[in-house]
2 protein chains.
Amino acid sequence: MTEPPWLSERELDAWLAYLTASHLLERRIEEQLKADAGLTHPQYEILTRLSSAPGQRMRMTELARLVVVSKSGLTYQIGQLEKAGLVERAACPSDERGIMAVLTGEGMRCLERTAPGHLAVVRAFLIDHFGPDELTSMTRIMRKAAAAMGAAVPPPAGEAGPHTPGPRT
Amino acid sequence: MTEPPWLSERELDAWLAYLTASHLLERRIEEQLKADAGLTHPQYEILTRLSSAPGQRMRMTELARLVVVSKSGLTYQIGQLEKAGLVERAACPSDERGIMAVLTGEGMRCLERTAPGHLAVVRAFLIDHFGPDELTSMTRIMRKAAAAMGAAVPPPAGEAGPHTPGPRT
DNA sequence: TACGGTTTGTTCAAATTTGAACCATGCGCT
DNA sequence: AGCGCATGGTTCAAATTTGAACAAACCGTA
């Protein structure tokens, strides 16, 4: 850390631009999801994470880590999604304490119906502003940043490392 | 829009990396501010915006736009900050309806005391992962994105365009 | 097998956020 | 001046989020 603890003007500009854009994007996303599917963004994130998990199911704690939400927060949202019929709770075979959150058929259909509109927003307001190289840079940078903050983010593709027990296979 | 409405795998990777990193960063920031200053991130943002406004004061609505928070949300937070003695409300000279949120001396000192720790987090977990060119790209991209979403973001320096009626004069 | 330390998920209270409803004031036009 | 509509802030109820406290189940070791 030879850098000063504060930020240069260029860095501050970058940070402020990021901050504003991310807030605005979150708003747009929230608005679109609410209008088109009656979902909140956290709920949508839960559904997508489940949809790409083996068996469309995942342990509560692991899911909370992926979505970056508190345990109690996830308990609440899974309750909501259960009421909506998009998710079910199932016992965990290997661990008596564990609960699996399982995406229902209806949940999957809801996701298929909702994803295009959602991704269109993400594309229009964020992704389309990146050139190809910039997109690559950003992916790499954000992965590094996430890793530095202790994310459960599997590396790009092939790689050794401590590697998570991940749902490979 | 010749692009498909959905995202390619590369784009999706970028989006997921961004999403995870931004969530984690928000967490870290919230944690640091709470521990070191008893502030939430929105509160800190309000203080900084006020500190760099002429007269350390700003109209409620304008402030809400900058911080990207609802009007009622701002009313609430200004109330909290007022209780803490960091902000005061003052009448608006030019508009009888208007309220100016004003940063107090104590508020300014709180900010000076808190900023280094906060910016250190921003630097360590986000900014330091960018190279110089990448930082520039990101600033440009995020400004474009924010503008596309209707931000109150003044362009880099001199520039014409439709230009906001801004608080000039 | 019994014991201590972990991990899991839920419950609970408290804080925060949002949008709708609501007055009060400003502003353009007649 | 008088009207009609847009703006500025607050109030209110409802939804969401978090951390702390808890009970149950796991695990390694004696």
Side-chain angles (χ1 to χ4, degrees), chain A residues 22-24 26-35 37-46 57-84 87-102 152 165, chain B residues 22-24 26-35 37-46 57-84 87-102 152 164-165 167:
Chain A
S22 64
H23 284 344
L24 287 170
E26 186 58 31
R27 268 206 163 191
R28 294 296 187 121
I29 288 174
E30 206 72 56
E31 170 187 25
Q32 185 271 328
L33 285 175
K34 192 75 75 184
L39 292 174
T40 65
H41 192 197
Q43 287 171 348
Y44 180 88
E45 287 187 71
I46 289 171
R57 69 192 57 213
M58 204 178 291
R59 288 286 293 269
M60 293 293 280
T61 297
E62 169 70 352
L63 183 52
R65 242 195 317 271
L66 276 186
V67 181
V68 189
V69 75
S70 67
K71 283 186 304 172
S72 48
L74 183 63
T75 295
Y76 174 77
Q77 285 300 1
I78 291 294
Q80 296 302 106
L81 292 170
E82 214 172 10
K83 276 199 275 183
V87 164
E88 284 173 351
R89 274 181 232 248
C92 178
S94 62
D95 188 335
E96 189 61 33
R97 306 167 293 179
I99 299 282
M100 309 287 297
V102 188
Chain B
S22 63
H23 285 341
L24 288 170
E26 186 58 30
R27 270 211 160 185
R28 294 297 187 121
I29 289 175
E30 206 71 57
E31 170 187 25
Q32 185 271 327
L33 285 175
K34 194 72 78 184
L39 291 174
T40 65
H41 192 197
Q43 288 171 349
Y44 180 88
E45 287 188 69
I46 289 171
R57 71 193 54 215
M58 205 178 290
R59 287 287 293 270
M60 294 292 282
T61 298
E62 169 71 351
L63 184 51
R65 242 197 314 272
L66 276 185
V67 181
V68 189
V69 74
S70 66
K71 284 188 302 173
S72 49
L74 183 61
T75 294
Y76 174 78
Q77 285 299 2
I78 291 294
Q80 296 302 107
L81 292 170
E82 215 171 10
K83 277 198 274 185
V87 163
E88 285 174 350
R89 274 180 231 248
C92 178
S94 62
D95 189 334
E96 188 61 31
R97 305 167 293 180
I99 299 281
M100 309 287 297
V102 187
T164 53

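Convention: sequence-line order gives letters A, B, ...; per-chain numbering from 1. These values consider heavy atoms only, across backbone and side chains, with no hydrogens, waters or symmetry-generated copies.
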Out of dG8(D), dT17(D), dT10(C), which nucleotide sits closest to the side chain of Arg59(B)?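 Of all the options, the side chain of Arg59(B) is nearest to dG8(D).
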Side-chain contact check for Met60(A): nearest option of dG9(D), dT10(C), dT16(C) is dT10(C)
Check DNA chain D against residues 68-78 of chain A and give the residues with a non-hydrogen atom under 4.0 Å, in numerical order.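 Result for residues 68-78 of chain A: Val69(A), Ser70(A), Ser72(A), Gly73(A), Tyr76(A), Gln77(A), sorted by number.
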Short of 4.0 Å, heavy atom to strand atom, which residues of residues 95-102 of chain B count as contacting DNA chain D?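 Nucleic-acid contacts, sorted: Arg97(B), Gly98(B), Ile99(B).
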Over how many whole Å does the gap from [X] atom [atom1] to [N] atom [atom2] extend?
X        : N       : atom1 : atom2 : value
His23(A) : dT17(C) : NE2   : P     : 10 Å
Leu24(A) : dT18(C) : CG    : P     : 12 Å
Ile29(A) : dT18(C) : CD1   : P     : 15 Å
Leu81(B) : dT16(C) : CG    : C1'   : 13 Å
Arg27(B) : dT17(D) : CZ    : P     : 12 Å
Glu31(A) : dA15(D) : CD    : P     : 20 Å
Glu82(B) : dG9(D)  : CD    : P     : 14 Å
Glu45(B) : dT16(C) : CD    : P     : 15 Å

Spatial distance of atom [atom1] ([X]) from atom [atom2] ([Y]) [nearest 0.5 Å]:
X        : Y        : atom1 : atom2 : result
Ile99(B) : Ile78(B) : CD1   : CD1   : 10.5 Å
Arg59(A) : Arg97(A) : CZ    : CZ    : 7.0 Å
Ile46(B) : Met58(B) : CD1   : CE    : 10.5 Å

Side chain to side chain contact (heavy atoms under 4.5 Å, CB included) partners for Gln43(A), two or more places apart: Leu39(A), Thr40(A), Gln77(A), Gln80(A), Leu81(A)
Establish, with yes or no, whether the OP1 or OP2 oxygen of dT16(D) is under 4.0 angstrom from a side-chain nitrogen or oxygen of Gln80(A).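 Checking Gln80(A) against dT16(D): at least one side-chain N or O falls below 4.0 Å of OP1 or OP2.
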Just N and O in the side chain of Arg65(A): are any of them under 4.0 Å from OP1 or OP2 of dT7(C)?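 No, no such contact exists.
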Do Leu63(A) and Leu74(A) have side chains that get closer than 4.5 Å, going by heavy atoms? yes
Regarding Glu31(A) and Lys34(A), does a basic nitrogen lie under 4.0 Å from an acidic carboxylate oxygen? no
Checking Arg27(B) now: which residues fulfil side-chain hydrogen bond (donor to acceptor under 3.5 Å, both in side chains) with it, not counting sequence neighbours? none
With sequence neighbours excluded, residues passing salt bridge (Lys or Arg N to Asp or Glu O under 4.0 Å) with Glu82(B): Arg89(B)
Sorted by position of nearest nucleotide on DNA chain D, 5' first, the leading residue of Ser94(A) and Thr40(A) is Thr40(A)
His41(B) meets the ring-ring contact (aromatic ring centres under 6.0 Å, His included) criterion, sequence neighbours left out, with His118(B)
